[in-house]
Amino acid sequence: MTGLLTERLRQASDNAVAMWSTVARARGDHVEDHAAFTVVDGRRFRIMLRTATPGAAAVDELSALAEARRGAGRAVVVEDPFRVLDLAHLGMSAGQLPVMAREPAPTPAAEGVERIETAADLAEAEDLIVHGFPLEEYQPHRPGTVFPAELLRQATAFFRRGSQGTCLTMAHGGVGGVYWVTTRPEHRSRGVGRTLMYAVLRHFEDLPVTLTASRAGRPLYEKLGFATLGDANWWR
């Protein structure tokens, strides 16, 4: 991996940690920063590795936390974008998702996409993500539990195309991050996701943009000029 791609992977990781920390604090969840990782204690116990060189002591600490919470019956996920952890001895297995980045470049206009500005519109977008992504741990959906309205005043920005699709973005660490790009099932394969991404790329006009893609979404992002930085391990 070249120096630029290595830097983009680090920035993508930092952006994701900032996004999860911001959202978690708005929800009232506990966030705790350790030397090499961040813990977000919400409906799931999430551990996010922040460095490719965590050191043995940090790995032992992280492993002990994951083991203890799993032993207590908690749902635990450990995000390792650098693929340096091995948590199989805890009975966990890793799924891979590609981390991608796009450098600034001209982008077409995003017809019909608007930035969400009100709590009522945010609640509609939240419902779409909870059921369309989906987020099973937040079903049945109660407005404001996933994305409290105070996020509209944070470094996050939400976009939507009517009731067809929506996404969340985060500005942090010299990049723009994109999360939860969601399209209602009846509107899929009609360009909704592409138009949402046009809005995001124009919003971050002068910044690189990073995301973690689903396998289904990866071809769209590649067509938009995103390059794969590597496959992150998500331990569960």
Show the nearest heavy-atom pair for residues [X] and [Y], with the distance to one decimal.
{"X": "Arg160", "Y": "Gly162", "answer": "CD-O, 3.4 Å"}
{"X": "Ala216", "Y": "Pro219", "answer": "O-CD, 3.3 Å"}
{"X": "Arg25", "Y": "Val31", "answer": "NH2-CG1, 3.5 Å"}
{"X": "Ala171", "Y": "Asn15", "answer": "C-ND2, 4.2 Å"}
{"X": "Ala123", "Y": "His141", "answer": "O-CE1, 4.0 Å"}
{"X": "Gln139", "Y": "Pro134", "answer": "NE2-CB, 3.7 Å"}

So do the side chains of [X] and [Y] get within less than 4.5 Å of each other, counting heavy atoms only?
{"X": "Trp234", "Y": "Thr212", "value": "yes"}
{"X": "Gln164", "Y": "Arg190", "value": "no"}
{"X": "Glu124", "Y": "Ser163", "value": "no"}
{"X": "Asp206", "Y": "Pro104", "value": "no"}

If I take atom [atom1] from residue [X] and atom [atom2] from residue [Y], how far apart are they, to the nearest 0.5 angstrom?
{"X": "Thr183", "Y": "Arg194", "atom1": "OG1", "atom2": "CZ", "answer": "12.0 Å"}
{"X": "Glu126", "Y": "Arg142", "atom1": "CD", "atom2": "CZ", "answer": "10.0 Å"}
{"X": "Cys167", "Y": "Ile116", "atom1": "SG", "atom2": "CD1", "answer": "8.5 Å"}
{"X": "Glu61", "Y": "Ile47", "atom1": "CD", "atom2": "CD1", "answer": "9.0 Å"}
{"X": "Met197", "Y": "Lys223", "atom1": "CE", "atom2": "NZ", "answer": "14.0 Å"}
{"X": "Phe133", "Y": "Tyr138", "atom1": "CZ", "atom2": "OH", "answer": "13.5 Å"}

key: Distance-only polar pair, side chains of Arg218 and Thr228, donor-acceptor under 3.5 Å   =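 A donor-acceptor contact under 3.5 Å links the two side chains.
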
inquiry  = Do Thr210 and Arg8 pair up side chain to side chain, a donor and an acceptor below 3.5 Å, judged on atom types alone?
reply    =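 No pair is found: no donor N or O on one side chain lies under 3.5 Å from an acceptor on the other.
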
Tell me whether [X] contacts the main-chain N or O of [Y] through its side chain, where contact means a donor paired with an acceptor under 3.5 Å.
{"X": "Glu111", "Y": "Thr195", "result": "no"}
{"X": "Arg202", "Y": "Thr107", "result": "yes"}
{"X": "Glu32", "Y": "Val39", "result": "no"}
{"X": "Arg188", "Y": "Gly193", "result": "no"}
{"X": "Ser13", "Y": "Leu9", "result": "no"}
{"X": "Thr169", "Y": "Ala157", "result": "yes"}

message = Against Val113, only a single residue in Thr166, Leu196, Val192, Val200 fulfils side chain to side chain contact (heavy atoms under 4.5 Å, CB included); can you say which?
response =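 Output: one option passes, namely Leu196.
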
request  = Dump the intermediate steps for side-chain contact (heavy atoms from CB on, under 4.5 Å) on Arg43 and Leu135, then the final yes or no.
outcome  = CA-CA 11 Å; Arg43 299 202 180 184; Leu135 302 179; over 6 Å; no

Review item, side-chain donor-acceptor pairs of residues 73-99, under 3.5 Å, at least two apart:
unit_1: Arg74; atom_1: NH1; unit_2: Asp41; atom_2: OD1; d: 3.1
unit_1: Arg74; atom_1: NH2; unit_2: Asp41; atom_2: OD1; d: 3.0
unit_1: Arg74; atom_1: NH2; unit_2: Gly42; atom_2: O; d: 2.8
unit_1: Glu79; atom_1: OE2; unit_2: Arg46; atom_2: NH1; d: 2.4
unit_1: Asp80; atom_1: OD1; unit_2: Phe82; atom_2: N; d: 3.1
unit_1: Asp80; atom_1: OD1; unit_2: Arg83; atom_2: N; d: 2.9
unit_1: Asp80; atom_1: OD2; unit_2: Arg83; atom_2: N; d: 3.3
unit_1: Asp80; atom_1: OD2; unit_2: Val84; atom_2: N; d: 2.7
unit_1: Asp80; atom_1: OD2; unit_2: Leu85; atom_2: N; d: 2.9
unit_1: Asp86; atom_1: OD1; unit_2: Ala88; atom_2: N; d: 3.1
unit_1: His89; atom_1: ND1; unit_2: Asp86; atom_2: O; d: 3.4
unit_1: Gln96; atom_1: NE2; unit_2: Asn233; atom_2: OD1; d: 2.6

query = What do the steps show when you test Val146 against Ile129 for side-chain contact (heavy atoms from CB on, under 4.5 Å), and what is the final call?
reply = CA-CA 9 Å; Val146 182; Ile129 292 172; 5.7 Å; no

Membership question, hydrophobic clusters at under 4.5 Å side-chain separation (ILVMFWY): are [Y] and [X] in the same one?
{"X": "Met170", "Y": "Phe158", "value": "yes"}
{"X": "Leu62", "Y": "Val40", "value": "no"}
{"X": "Met48", "Y": "Tyr179", "value": "yes"}
{"X": "Tyr221", "Y": "Phe159", "value": "yes"}
{"X": "Met100", "Y": "Tyr198", "value": "yes"}

request  = Go through the steps to decide whether Thr38 and Trp20 satisfy the test side-chain contact (heavy atoms from CB on, under 4.5 Å), and finish with yes or no.
outcome  = CA-CA 10 Å; Thr38 292; Trp20 276 108; over 6 Å; no

task = Would you mind checking if Arg10 and Glu7 are paired as a salt bridge, meaning a charged N to carboxylate O distance below 4.0 Å?
result =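 Answer for the salt bridge query: yes.
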
key: Pair Arg215 + Asp231, salt bridge at N-O below 4.0 Å   =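 The answer is yes: the pair qualifies as a salt bridge.
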
request  = Could you give me the CA-CA distance, side-chain angles and deciding distance for Leu201 and Phe226, then say whether side-chain contact (heavy atoms from CB on, under 4.5 Å) is met?
outcome  = CA-CA 11 Å; Leu201 294 171; Phe226 282 81; 4.1 Å; yes

inquiry  = Quick check on Glu205: does its CD atom have over 12 non-hydrogen neighbours (other residues, nucleotides or ligands) under 6.0 Å away?
reply    =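 Not buried by this count: 12 neighbours or fewer within 6.0 Å.
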
